[in-house]
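Both backbone and side-chain heavy atoms feed into the values below; hydrogens, waters and symmetry mates do not. Just so it is clear, the structure is predicted and the values come from calculations on it, not from any experiment. All residue numbers refer to positions in the sequence shown, counting from 1.
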Amino acid sequence: MFKTFCQNRLTRPRLSFAIIAAIFGSIAPASLAADIRMTVGTGGKGGYYFHIGDLVCKSFARETIGYKCQAKATNGPTENLPKLQNGKFDIVVARSDWAKQALEGGGFFQSNGQNPALRSLFSVHSEPLTIVARKDTGIHTAGDLSGKRVRLGRSATRLVKQIPSSANWDVSAFQTAKPKDMKAQYSALCAGKVDAVAAVVGYPSGVIQKTAETCPIHLVNLSEQQIDKLVAGSVALSKTTIPANVYTGITAPTKSLGYKAILLSSAEVSDEDIYAFVKSTFENLSDLGRKHPALSGLQPSEMIRDGLPAPMHPGAVRYYREQGWIK
């Protein structure tokens, strides 16, 4: 009898636990399931790309049940895009021209080869070609740059030299500056040592604002014809306008073109996960815009159209179709 009693005492808790586990498993499987972890490659801490990726990632994890998201600081597209291709990142932030290179296996990514699995999600802020001239130089149009002392960032060099102009356009005094020397070029502008500085940069740019506060400047408008010709030649480029009053003394909008900061993923990342990420981002876009200027004033129609060199991810397509934004 004592043996039977002990056996009953030992087996009852096991039976009860099994029943409880079955009950809880049947009524709340989602709450017991492990969260899906998403990793977003961004850029250097303190930069726009890190802040964008971090804000979107945190919003996604906070608003979407069953997901965790971590934004990782990186060296930018040269780290982000290979790691996306290798499956170490689920989503990355990169500029549209870098994404085009990665897709095609060109430029920096020649050794990696083409990345046919690269997929676009949406674009965010513009990084326009911004040509800053001192007011006393008489530079108002791209044609006025002819024969002037112009310093160019690397990305700006490729664009400025493609701007259609007269056959006798003199670029002999144009010089490309290294990235680490670009701040010094704006100081040289105010010192009268150069006439204009051109860079591909998001707005507002701290260094351009400091320049505007140091000496009177003018932002050079491009013509519609010039913009259209360059944009038609590259899926990475799009039209953009730098709003009035972004910089001290610049009271009118400036028409230009440039690249987009975009979020990308891989065809290897599930449609369901990307759908959830994209849905969360657009549903919380107003809140995100209040937290960072690069995310303010964004229009969904432009975000899903401009500066996207890679095919759209099916998970993103599903959400956009639900919203009636695409067919």
Side-chain angles (χ1 to χ4, degrees), residues 95-97 125-234 236-260 306-307:
R95 205 170 68 186
S96 52
D97 56 332
H125 71 277
S126 295
E127 297 190 15
L129 172 64
T130 308
I131 305 173
V132 183
R134 257 191 355 273
K135 270 197 173 179
D136 61 7
T137 60
I139 298 172
H140 297 284
T141 68
D144 296 332
L145 295 171
S146 178
K148 301 292 186 179
R149 299 167 298 172
V150 182
R151 298 297 176 265
L152 308 127
R154 285 181 181 171
S155 297
T157 298
R158 294 191 294 271
L159 294 177
V160 169
K161 291 187 176 180
Q162 292 179 65
I163 294 173
S165 193
S166 60
N168 60 352
W169 203 41
D170 180 8
V171 297
S172 60
F174 287 22
Q175 291 183 14
T176 300
K178 294 178 180 178
K180 64 182 180 66
D181 297 331
M182 280 305 293
K183 283 186 179 181
Q185 305 311 313
Y186 291 98
S187 298
L189 178 73
C190 284
K193 296 178 181 178
V194 300
D195 301 312
V197 179
V200 174
V201 61
Y203 58 84
S205 160
V207 68
I208 295 178
Q209 175 56 27
K210 185 177 179 181
T211 303
E213 292 170 353
T214 305
C215 65
I217 64 167
H218 176 77
L219 296 188
V220 177
N221 276 285
L222 300 184
S223 70
E224 289 292 335
Q225 182 182 5
Q226 291 167 337
I227 293 169
D228 289 344
K229 185 171 181 179
L230 268 70
V231 169
S234 175
L237 287 170
S238 55
K239 296 181 179 183
T240 189
T241 299
I242 304 171
N245 302 311
V246 168
Y247 301 114
T248 298
I250 309 300
T251 56
T254 304
K255 293 181 179 180
S256 189
L257 56 84
Y259 301 111
K260 286 280 190 178
D306 294 343

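In this structure the side chain of Cys215 reaches within 4.5 angstrom of the side chain of Ile217, judged on heavy atoms. The closest side-chain heavy-atom distance from Thr137 to His218 is not below 4.5 Å. Within the 4.5 Å cutoff, the side chain of Ile250 has no heavy atoms near those of the Asn245 side chain. Between Ile163 and Leu129, some side-chain heavy-atom pair lies under the 4.5 Å cut-off. Two residues are said to be in side-chain contact when any heavy atoms from C-beta on lie closer than 4.5 Å; Val150 and Val160 fail this criterion. The shortest side-chain heavy-atom distance between Glu127 and Ser155 does not fall under the 4.5 Å cut-off.
With hydrogens and angles ignored, the 3.5 Å screen pairs no side-chain donor or acceptor of Arg154 with any backbone N or O of Thr176. Judged purely by atom type and a 3.5 angstrom limit, Ser96 has no side-chain atom pairing as donor or acceptor with the backbone of Tyr259. In this structure, the side chain of Arg149 engages the main chain of Gly192 through a donor-acceptor pair within 3.5 Å. Here the side chain of Ser146 pairs a donor or acceptor atom with the backbone of Asp170 at under 3.5 angstrom. Formation of a donor-acceptor pair under 3.5 Å by the Arg134 side chain with backbone atoms of Ala191 is not found in this model.
Under a 4.0 Å N-O distance rule, the pair Asp228/Lys239 qualifies as a salt bridge.
Across all their heavy atoms, Ile242 and Pro128 have their closest contact at CG1-CG, 3.8 Å. Scanning all heavy atoms of the two residues, the minimum distance from Met182 to Ala198 falls at CE-O, 4.0 Å. Closest non-hydrogen pair, Thr241 versus Tyr203, comes out as O-OH, 3.5 Å. Of all heavy-atom pairs spanning Thr211 and Val207, the tightest one is OG1-O, 2.8 Å. The minimum heavy-atom distance between Ala133 and Ile139, with the atom names listed, is CB-CB, 3.8 Å.
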**Item:** Asp97 vs Arg158, side chain to side chain contact (heavy atoms under 4.5 Å, CB included): CA-CA, chis, key distance, verdict
**Value:** CA-CA 11 Å; Asp97 56 332; Arg158 294 191 294 271; 3.6 Å; yes

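Note that CG of Leu222 and OG1 of Thr141 are 9.5 Å apart. Values are rounded to the nearest 0.5 Å.
One side chain, Lys260 or Ser126, offers a donor N or O that lies under 3.5 Å from an acceptor on the other.
Listed by chain and number, the residues in a side-chain contact (heavy atoms from CB on, under 4.5 Å) with Thr248 are Gln209, Ala212, Glu213 (sequence neighbours excluded). The side-chain hydrogen bond (donor to acceptor under 3.5 Å, both in side chains) check on Ser223 picks up Gln226, with sequence neighbours excluded. With sequence neighbours left out, the side-chain hydrogen bond (donor to acceptor under 3.5 Å, both in side chains) criterion links Asp181 to no other residue.
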